[in-house]
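One structure is given here, and the rest of the page talks about it.
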There are 2 protein chains.
Amino acid sequence: MLSPSTLQIACSHCNLRELCMPVDVTARDMERLDTLVTTRRRIRRGAALYSSGEKFNALYAIRSGFFKTRVTTPDGREQVTGFQMAGEIMGLDGIVANQHTCDALALEDAEVCEMPYDRIESLSHEVPALQTHVHKIMSREIVREHGVMLLLGSMRAEERVASFLLNLLQRLHARGFSEAALVLRMTREEIGSYLGLTLETVSRTFSKFAEDGIIEVKHRQVRILDSQALRAIVNAGAGR
Amino acid sequence: MLSPSTLQIACSHCNLRELCMPVDVTARDMERLDTLVTTRRRIRRGAALYSSGEKFNALYAIRSGFFKTRVTTPDGREQVTGFQMAGEIMGLDGIVANQHTCDALALEDAEVCEMPYDRIESLSHEVPALQTHVHKIMSREIVREHGVMLLLGSMRAEERVASFLLNLLQRLHARGFSEAALVLRMTREEIGSYLGLTLETVSRTFSKFAEDGIIEVKHRQVRILDSQALRAIVNAGAGR
DNA sequence: CGTCACGTTGACTAATTTCAATAACGGTGG
DNA sequence: CCACCGTTATTGAAATTAGTCAACGTGACG
């Protein structure tokens with residue numbers, strides 16, 4: 001029988017299960033998967049879940065909260081590589097060289113499920129569905145990054161910002177939030193770094209969208225008045 | 001005993017082995033890994049190894065030749081996501097949804113080793129070193145893309161071009177080619193797409209580097225006169 | 001030896017960054 | 001509870017970078 005604390009972190013009882021875990025799994029395999037997550041970790045707003053250079057030990061599934069990942073160079077260049085929310089997996093960058101190559105920072109108080117990598121490897125061996133799932137998660141991240149490259153390489157500022165908003169909305173909606181409003185967890189500067197723009201350009205673009213009646217912006221509260229217009233902005237720029 | 005044709009495509013006898021395959025493998029496991037590659041495929045210059053939308057079946061290891069990968073959107077936007085050379089693995093994007101999400105096009109006549117994905121999955125199950133290796137390959141691709149995001153999001157044109165040249169040189173050098181010269185296999189337009197610049201800017205930047213005595217450019221032949229200067233250009237721009 | 005794709009270069013334009021000033025919050029402590 | 005301070009955000013004007021449009025070369029290849 002499961003102890004209360006084990007039960008508390010059992011994936012089989014987690015409402016985020018469909019986001020993190022393979023779906024078509026026998027009861028017996030699910031029981032095994034429940035041993036994947038050894039600990040929950042709380043991360044305070046502003047703190048790092050892991051940092052570049054640290055030894056890689058585990059992957060993390062976000063239980064609650066919001067993160068950014070960023071790469072930095074020795075000479076001080078910096079790039080936000082993504083914003084992560086509940087159900088998403090972090091730490092994949094560390095596998096190749098057994099050490100992390102980016103920082104994961106909590107943008108609000110957060111909780112993550114720690115999955116030791118050696119355990120993932122051995123369990124994958126026993127549970128083929130997990131092996132497939134890990135491959136899919138990594139492949140999904142590669143495809144996501146292709147999308148970011150497309151954004152950074154071929155879109156102008158308005159297209160990038162519209163694309164960014166639509167992406168956040170879509171992911172929040174998949175988690176049961178409204179499609180018509182969102183609260184930004186990050187600063188204009190962080191958005192700018194992610195989008196390859198300055199914070200001023202991000203701010204100006206928000207203002208322009210607001211003037212055009214597409215969104216309403218009050219600090220970090222954004223209300224979407226015309227999501228179709230956002231889509232049109234993204235698509236309009238095709239052919240550069 | 002191995003037949004001539006099997007032997008011909010055996011990884012154990014391939015001089016690119018260290019690039020594609022796990023290194024610390026028993027003789028017995030190596031024998032198994034030799035069954036991974038079922039076919040060699042020749043791809044003509046300009047032809048696609050796979051295209052976006054096609055069913056995903058296999059990963060490919062480049063045996064010879066040079067590829068580009070690109071993503072395209074329905075509305076005609078396009079972004080080159082990478083240039084691949086001997087020993088590198090292509091097709092990882094297809095795993096997540098069982099279909100390819102980008103095009104892989106040969107920039108010169110090429111030969112690839114086809115590794116059916118279902119075979120990779122079942123063999124990974126038997127040979128842990130292969131499982132680890134697949135994870136590392138995917139993680140490496142994620143880290144590579146972080147680097148591209150840094151380039152696209154934070155570098156100016158000269159920094160991007162310098163960074164591009166250094167990256168190519170380093171990878172070619174790892175394959176036994178000179179550090180002081182290279183032949184570009186792609187057009188200025190393809191370089192521009194990859195770097196988020198127009199072909200004119202790429203051309204002008206090459207010309208400027210040549211004027212400054214950093215490189216010599218004759219069509220697609222590039223000679224590196226001062227690689228330290230290239231490194232300096234990349235590092236100089238830190239702090240945007 | 002002509003044609004076509006590729007590459008270079010110039011002049012001009014547009015987009016974004018930079019610099020600067022001001023405003024609005026949010027958290028903290030009196 | 002309110003005032004203050006530092007951080008975050010907005011906005012304007014000038015500067016800069018890269019893009020666009022256009023003309024011209026040049027090579028490779030049939």
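Chain identifiers are assigned alphabetically (A, B, ...) following the order of the sequence lines, protein sequences preceding nucleic acid strands; residue numbering begins at 1 within each chain.
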Which part of the nucleic acid, if any, lies within reach of A:Gly192 when heavy atoms closer than 4.0 Å are counted: base, sugar-phosphate only, or nothing?
-> nothing
Compare all side-chain heavy atoms of B:Ser51 with those of B:Asp103 and state whether any distance is below 4.5 angstrom.
-> yes
Comparing B:Glu200 and A:Lys218 on DNA chain C - which has the more 5′ nearest nucleotide = B:Glu200
Length of the line joining A:Leu199:CG and D:dT11:P, which is rounded to integer Å | 13 Å
Rounded off to whole Å, could you give me the CD-to-C1' distance for the A:Glu158 and C:dA15 pair?
-> 10 Å
Under 4.0 Å: is that the gap between some side-chain N or O of A:Arg188 and OP1 or OP2 of D:dA9?
-> yes
Could you tell me the separation between the CG atom of B:Leu152 and the P atom of D:dT17, rounded to a whole number of Å?
-> 19 Å
Distance below 4.0 Å between A:Ser207 side-chain N/O and D:dT11 OP1 or OP2 | yes
Is A:Leu197 touching bases, backbone alone, or none of the nucleic acid, heavy atoms closer than 4.0 Å?
-> sugar-phosphate
Straight-line distance of A:Ile142 CD1 to A:Ile137 CD1, nearest 0.5 Å | 12.5 Å
Nearest-Å distance, NZ (B:Lys208) to C1' (D:dT17)?
-> 13 Å
Whole-Å gap separating C1' (C:dT9) and CZ (B:Phe206) | 16 Å
Which nucleotide in C:dC6, D:dA9, C:dT16 has an atom nearest any side-chain atom of A:Ala157 | C:dT16
Rounded interatomic separation in angstrom, taking CD1 from A:Ile191 and C1' from D:dT10 = 14 Å
Between its two end axes (five pairs each) the helix from C:dC1-D:dG30 to C:dG30-D:dC1 turns, nearest 10 degrees, through 40°
Please determine if A:Arg77 and B:Glu159 form a salt bridge, counting it only when a charged side-chain N lies under 4.0 Å from a carboxylate O.
-> yes
Could you pick out which residue, A:Thr198 or B:Glu189, lies toward the 5' side of DNA chain C when each is mapped onto its nearest nucleotide?
-> B:Glu189
In A:Arg175, A:Arg63, A:Arg140, the residue satisfying salt bridge (Lys or Arg N to Asp or Glu O under 4.0 Å) with A:Glu88 is A:Arg175
Over how many whole Å does the gap from A:Leu195 atom CG to C:dA15 atom P extend?
-> 18 Å
Using the salt bridge (Lys or Arg N to Asp or Glu O under 4.0 Å) rule, pick out the option among B:Arg44, B:Arg220, B:Arg185 that qualifies with B:Glu108.
-> B:Arg185
Ignoring hydrogens and angles, does a donor from either the side chain of A:Arg204 or the base of C:dT18 sit under 3.5 Å from an acceptor on the other?
-> yes
Among B:Thr101, B:Val96, B:Leu92, which residue meets the side chain to side chain contact (heavy atoms under 4.5 Å, CB included) test with A:Ser139?
-> B:Val96
Would you mind reporting whether B:Arg188 and B:Thr205 have side-chain heavy atoms less than 4.5 Å apart?
-> no
Do the side-chain N or O atoms of B:Arg156 get closer than 4.0 angstrom to the phosphate oxygens (OP1, OP2) of C:dT17?
-> no
CE of A:Met155 versus P of C:dT16: gap in Å, rounded?
-> 13 Å
Does the side chain of A:His219 get closer than 4.0 angstrom to OP1 or OP2 of C:dC25 through an N or O atom?
-> yes
Taking only the side-chain nitrogens and oxygens of A:Thr201, find out if one of them lies under 4.0 Å from OP1 or OP2 of C:dT17.
-> yes
Side-chain ion pair, B:Lys208 and B:Glu211, N-O less than 4.0 Å = no
